[in-house]
Novice: 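The structure follows.
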Protein chains: 2
Amino acid sequence: MATIRDVARLAGVSVATVSRVINKTDSVNPETAGQVMKAIEQLQYEPNAVARGLAGKKMGIIALILPDILNPFFPALARGVEDVAHKKGLTVILGNSDDLGLKESSYIKVLKKKYVDGFIFASNTIHEEDVEALRKEQIPIVLLDRGLNTASCAVIRSNNREGSKLAVKHLIEQGCQKIAHIYGPQEFITARERMLGYEEIAGRLREYSPSLMEQGNFDIESGRKAVEQLLVRHPDLDGIFAGNDLMAVGALKALHERGIRVPEQVKVCGFDGIGLTEITEPELTTIAQPVYEMGGLAAQILLDEIESGIRENKLIELDVTLIPRKSTHKEES
Amino acid sequence: MATIRDVARLAGVSVATVSRVINKTDSVNPETAGQVMKAIEQLQYEPNAVARGLAGKKMGIIALILPDILNPFFPALARGVEDVAHKKGLTVILGNSDDLGLKESSYIKVLKKKYVDGFIFASNTIHEEDVEALRKEQIPIVLLDRGLNTASCAVIRSNNREGSKLAVKHLIEQGCQKIAHIYGPQEFITARERMLGYEEIAGRLREYSPSLMEQGNFDIESGRKAVEQLLVRHPDLDGIFAGNDLMAVGALKALHERGIRVPEQVKVCGFDGIGLTEITEPELTTIAQPVYEMGGLAAQILLDEIESGIRENKLIELDVTLIPRKSTHKEES
DNA sequence: AGTTATATTGTAATCGGTTACATTATTTTT
DNA sequence: AAAAATAATGTAACCGATTACAATATAACT
């Protein structure tokens, strides 16, 4: 591999001039630049990213820390991030935090030493101090689905509240009168927001009761269990709005096991819009988040901040969309 | 951030000695080492990974290049790789190649400049020359699901042939007599092997005919279409072995649309063992690859090679297991 | 006792870039 | 025409580690 000094020698100039040509940071005589270009060409020279990184404290890498790539919500996010990053010549380091603050801290520690350009946290358990520390060191961060309290960096999320309202309204339109909700762990702001949206609309129904809500923890099994509980208390419920698709799948399973037909007897709606929803039987109505776009946007914002060096603590809330499918279909009467 | 010189100064020794203490590369007087340790402690010193990388040409990063993290097969692989890497203090860079040789080359080019320690390719389209080039530069590689021809580095795959045989035998045991196969793109060795396994067992059946095979391309939609074709030629088929789970899901959908009951009229078996198989209705029998373990093993082998510097061109073939589920259930008569 | 081997430590080059500062030549300003 | 500004380039320090080589002291060997 040729180095910048090889190029300088061949072109008969100093390394500084070569650097200037490469980075266009300073004016260089066009003729000289030509020589340099020719030398670069001849030697097939490519600047060494690590040396650059050492000098500039930026490795051209962004870190994406998410809870678990196995959770079907995250691959699309990762892909969104990676596509944008790759287009700009940056690479993406992936970390699974399992929603453990400790693991997040550990990633931060390791990755800071590697001079990553910035972090995207799609994780709910980052310690506030970690964020603060990164800020103080001027390392750009973008947060996904984090509260307002951390107003010290860009935050992206989708409009969970409105999404829930869409879901419940849709269930009502399809004829549901007694709509249950399986909510996610309340330490997640997304889960809280979705519950609020549900309460806002479902609370108006004559049949509404707080006991129509049951906790799950965002996985399939908990969705199934929640429905079992709900059916004990309300055997006559006719709609279920699950806080995410995974729990909705669990709900579908529970109903199927009990011989309760979907959508005829009970209609089910999920949240997230992951691919799974297209392969259940019946296919699952869901509130789709623009996950891929969220990832891309997060990367875009991060890259902007990296390039410009200016932090904009914007809070971006993306719109979600209802995707009506068979699981909430209303038979024409 | 403290540097090694700060430590040296505080401990009253040279940077070389500090380096020796940190890396245990050379003998250091225990007393001196103590001083150094104390200084390190006091300054909260942590070696800068980039400077180290520049000096040693290794950044403590491994690159995982896969076709598409959105394909449900790969998250588990990625997780397997990442878990092992993280345990050893390495980080993982993720790249989506979309099975485009060009994108792979592009990743290689970029990542070599970043001194990644090694590559794991789970992609089917790497140019032979790229592999050769990396080898020549002594950069460790591990390949997943690649042919024997590339015997110049470690290769991991699962026993696709045996897996197919397991699948077809299972279908026969469950009472199938006319078993169709949806095979994947023949440029993928996995697809070829699975087809061979199918032919080996299904070929013995009285009802066998080459026209029982139909091509798909490993996605849901192609599985559905393949079944439509197959049903035209063989309305009386009673078993379908799909070359992967995604196509099996498509098959399920096609059958469901036509009102053909699974498993009563037709039994279906997939291949891969991805999570989707548990949420279809009926749940899908499949041949499970130990995907997470494959990832872990790939990382392990790569790390061994990185550490030791010696390449072992082993070919490891992992066992697959049949997971019988409802989609091939035989009604007791 | 003289010599060789071993342990311990330091000096300075090296990895491969970026960039502050200095220098010279040329152009613009007054 | 002298002074000031601008363009073009080079020198060398710096980023923060590793490591070859040299130097010194001490232990072991003949």
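Values in this document were obtained by computation on a predicted structure and should not be read as measured data.
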Novice: Among D/dT18, D/dA17, C/dG17, which nucleotide has an atom closest to any side-chain atom of B/Thr3?
Specialist: D/dA17

Novice: Output all residues satisfying side-chain contact (heavy atoms from CB on, under 4.5 Å) with A/Leu134, sequence neighbours left out; order by chain, then residue number.
Specialist: A/Ile108, A/Lys112, A/Phe119, A/Phe121, A/Ile139, A/Ile141

Novice: Looking just at side-chain N and O atoms, do B/Arg135 and B/Asn313 make a donor-acceptor pair shorter than 3.5 Å?
Specialist: no

Novice: Between the side chains of A/Glu104 and A/Thr125, does any donor sit under 3.5 Å from an acceptor?
Specialist: yes

Novice: Identify, residue by residue, the members of residues 111-119 of chain B with a heavy atom below 4.0 Å from DNA chain D, and return them in order of residue number, or none.
Specialist: none

Novice: Show me, pair by pair, the donor-acceptor contacts under 3.5 angstrom made by side chains of residues 34-45 of chain A, not counting sequence neighbours?
Specialist:
none

Novice: If only atom types and distance count, is the side chain of B/Asn48 paired as donor or acceptor with the main-chain N or O of B/Ala51 below 3.5 Å?
Specialist: yes

Novice: Rounding to an integer number of Å, can you tell me how far A/Arg5 CZ sits from C/dT18 P?
Specialist: 11 Å

Novice: With sequence neighbours left out, which residue pairs that include part of residues 74-89 of chain B fulfil the side-chain hydrogen bond (donor to acceptor under 3.5 Å, both in side chains) condition?
Specialist: A/Asp68-B/Arg79, A/Asp98-B/Arg79, A/Ser106-B/His86, A/Tyr107-B/Glu82, B/Arg79-B/Asp83, B/Asp83-B/Tyr292

Novice: Once you round it to whole Å, what is the distance between P of C/dT9 and CD of B/Gln35?
Specialist: 10 Å

Novice: Tell me which residues in residues 45-61 of chain B lie within less than 4.0 Å of DNA chain C, going by non-hydrogen atoms.
Specialist: B/Leu54, B/Ala55, B/Lys57

Novice: Just wondering, are more than 12 heavy atoms of other shown residues or ligands nearer than 6.0 Å to CD in A/Glu31?
Specialist: no

Novice: Can you establish whether the number of heavy atoms outside B/Glu317 located under 6.0 Å from its atom CD is more than 12?
Specialist: yes

Novice: To the nearest Å, how far apart are B/Asp6 CG and D/dC15 P?
Specialist: 10 Å

Novice: Give a yes-or-no answer on whether the side chains of A/Asp130 and A/Ser105 include a donor-acceptor pair shorter than 3.5 Å.
Specialist: yes

Novice: Can you check the A/Met1 CE to C/dT14 P distance for me, whole Å?
Specialist: 21 Å

Novice: What pairs of nitrogen or oxygen atoms, one from the protein and one from nucleotides 9-12 of chain D, lie under 3.5 Å apart?
Specialist:
residue	atom	partner	partner atom	Å
D/dT9	OP1	A/Thr32	OG1	2.2
D/dT9	OP2	A/Asn29	N	2.6
D/dT9	OP2	A/Thr32	OG1	3.3
D/dG10	OP2	A/Ser14	N	2.9
D/dG10	OP2	A/Ser14	OG	3.2
D/dG10	OP2	A/Thr17	OG1	2.7
D/dG10	N7	A/Arg20	NH1	3.3
D/dG10	O6	A/Arg20	NH2	2.5

Novice: What is the distance, rounded to the nearest whole Å, between atom CZ of B/Arg9 and atom P of D/dG16?
Specialist: 12 Å

Novice: Mark yes when over 12 heavy atoms from residues, nucleotides or ligands other than A/Leu102 sit less than 6.0 Å from its CG; otherwise mark no.
Specialist: no

Novice: Are the side chains of B/Arg52 and B/Ile22 in touch, meaning some heavy atoms are under 4.5 Å apart?
Specialist: yes

